[in-house]
Amino acid sequence: MQTAPDARDLREPTRLFNRAFILPLQGQAVSRLGSQLAFVAVALWLKQAADSATVYGLVQMLASLPAALLAPLGRVSTGLRPQRRVLLLADAVHAAASLSLAALALLPPDAAPLTLGWLLVALIAAGTAGALFEPAFSATLPDLVPDGSLTRANALRQLALQLSAVSGQGLGGLLFRLLGGPVLFIVNGLAHALAAASHLCARPSPAHAQTGSGWGQHLRAARSDLRVGYRYVRQRRGLRRLILGAASLTFFSLPVITLLPFYIDDVLGGAPDWYGFTLAAFGVGSLAGFLAATSIRLSG
């Protein structure tokens with residue numbers, strides 16, 4: 001038998017910095033920090049275990065497939081209620097995947113094939129969880145802040161995530177050299193467990209208490225959204241060029257990220273620290289671009 005929610009939990013938020021927004025924001029900042037530490041650890045661990053840029057590239061490609069395939073179906077996760085359960089499940093899956101990978105990474109070197117196989121499974125699970133998390137939280141965010149504060153809330157969230165990403169990347173190589181990959185996987189798992197706990201501790205808004213429709217209805221809505229979106233892009237030449245340009249930029253920049261640990265180690269003879277530093281440089285550039293984009297006014 002379910003008890004009625006407390007009246008305090010059903011009140012609309014009256015200020016931006018309220019419990020329902022700050023707790024998940026803190027959790028996401030910590031989990032993003034852990035994810036970036038684990039990203040650096042995966043690259044350097046694969047460099048040591050396989051010493052093959054081909055293997056590393058294939059692993060990263062397969063790990064990215066869930067997000068690419070599920071992104072068009074983001075409408076499904078935004079329509080599920082309560083969405084807090086989706087967020088909790090996504091962080092829990094990510095935590096379990098990282099902690100299980102840490103356990104296998106501690107096995108003897110001759111168990112490397114088993115660990116490599118499970119690494120792929122763990123990355124796919126984490127990618128799937130992330131693909132469900134982002135649209136669900138984006139749909140939840142308007143319920144967590146007062147009317148008129150959504151833009152500030154989005155900006156604050158992006159700033160917190162960018163700073164966490166840069167910090168995780170900058171520290172990743174150094175901590176990998178000092179502590180090793182398994183410890184960083186454990187840190188990532190605990191960070192996502194903390195993020196999951198933040199969703200439990202945050203009081204739900206009225207929208208969270210609602211019940212939603214079934215999967216079938218949301219799948220049909222997602223297919224309708226895809227048709228409308230495809231038609232919209234097809235009819236606008238400038239938008240088509242923008243998407244093609246962004247896709248081309250990603251296509252040619254990702255190989256640089258993939259080859260960086262091998263270039264730094266094999267060509268420059270640098271310590272793992274420098275892989276983290278170079279990734280952080282990308283992050284600082286992204287942060288600078290984000291800040292510039294909010295201040296530069298473009299016409300046309």
Geometric cation-pi criterion, Arg236 with Tyr232: 6.0 Å, 45°
yes

Does any non-hydrogen side-chain atom of Leu194 lie less than 4.5 Å from one of Gln26?
no

Cluster check Leu260, Leu46: I/L/V/M/F/W/Y, side chain < 4.5 angstrom
yes

Side-chain donor/acceptor of Ser31 to backbone N/O of Ala191, under 3.5 Å:
no

Value rounded to 0.5 Å, distance of CG in Leu156 from OG1 in Thr151
12.5 Å

Minimum-distance pair of heavy atoms, taken over all atoms of Ala53 and Leu259:
CB-CD2, 3.8 Å

Kindly say whether Ala95 contributes a backbone atom to a donor-acceptor pair with the side chain of Ser98 at under 3.5 angstrom?
no

Phe277 atom CZ, over 12 foreign heavy atoms within 6.0 Å:
yes

May I ask you to test the Lys47-Asp51 pair for a side-chain heavy-atom distance under 4.5 Å?
yes

Tell me, with the steps shown, if Tyr275 and Asp265 meet side chain to side chain contact (heavy atoms under 4.5 Å, CB included).
CA-CA 9 Å; Tyr275 175 58; Asp265 186 22; over 6 Å; no

From CA spacing to verdict: side chain to side chain contact (heavy atoms under 4.5 Å, CB included), Leu123, Leu62:
CA-CA 8 Å; Leu123 290 177; Leu62 294 174; over 6 Å; no

Examine distances only and state if a side-chain atom of Ser164 and a backbone atom of Ala160 form a donor-acceptor pair shorter than 3.5 Å.
yes

Test side chain to side chain contact (heavy atoms under 4.5 Å, CB included) applied to Leu184 and Asn188, step by step
CA-CA 6 Å; Leu184 296 189; Asn188 183 38; over 6 Å; no

Are Ile22 and Leu150 grouped together when hydrophobic residues (ILVMFWY) are joined by side-chain heavy atoms under 4.5 angstrom apart?
yes

Using a 4.5 Å cut-off on heavy atoms from C-beta on, say whether the side chain of Val40 contacts that of Leu175.
no

Side-chain touch Val284/Leu287, heavy atoms, less than 4.5 angstrom:
no

Closest heavy-atom contact between Leu116 and Trp45?
N-CH2, 4.2 Å

All heavy atoms of Gly181 vs all of Ala41, minimum pair found to be CA-CB, 4.3 Å

Count I, L, V, M, F, W, Y as connected when their side-chain heavy atoms are under 4.5 Å apart, and connections chain through other members. Are Leu279 and Leu179 then in the same cluster?
yes

Under a 4.5 Å cut-off applied to non-hydrogen side-chain atoms, are Val267 and Phe262 in contact?
no

Hey, can you tell me if Phe137 and Phe133 have their rings parallel, tilted or perpendicular (30° and 60° cut-offs)?
parallel

To the nearest 0.5 Å, atom CD1 of Ile186 lies from atom CG of Leu37 at 13.0 Å

Establish whether Val93 and Leu101 are linked, either directly or via other cluster members, by ILVMFWY side-chain heavy-atom contacts under 4.5 Å.
no

Verify side chain to side chain contact (heavy atoms under 4.5 Å, CB included) between Val166 and Gln36, making sure each step is shown before the conclusion.
CA-CA 8 Å; Val166 171; Gln36 293 305 314; over 6 Å; no

Using a cut-off of 6.0 Å, state whether more than 12 heavy atoms not belonging to Arg237 lie near its atom CZ.
no

Between Leu99 and Leu89, is there shared hydrophobic-cluster membership here, with clusters defined by ILVMFWY side-chain heavy atoms closer than 4.5 Å?
no

Mind listing the closest non-hydrogen atom pair of Ala102 and Pro182 along with its distance?
CB-O, 3.5 Å

Compare every heavy atom of Gln162 with every heavy atom of Gly283, then report the nearest pair and how far apart it is.
O-OE1, 4.2 Å

Could you give the distance from CD (Gln28) to OG (Ser198), rounded to the nearest 0.5 Å?
7.5 Å

Rounded to the nearest 0.5 Å, what's the gap from CZ on Phe185 to CG on Leu106? Could you check?
10.0 Å

Side-chain heavy atoms of Gln60 within contact of Val55, under 4.5 Å:
no

Smallest heavy-atom separation, Ala280 atom then Gln169 atom, equals CA-OE1, 3.6 Å

Would you call Val256 and Phe282 a side-chain contact if the rule is heavy atoms closer than 4.5 Å?
yes

CZ of Phe39 to CZ of Arg32: how many Å apart, nearest 0.5 Å?
12.0 Å

Close side-chain approach of Thr258 and Tyr56, heavy atoms under 4.5 Å:
yes

Once rounded to the nearest 0.5 Å, what's the spacing between atom CG of Leu144 and atom CG of Leu25?
10.5 Å

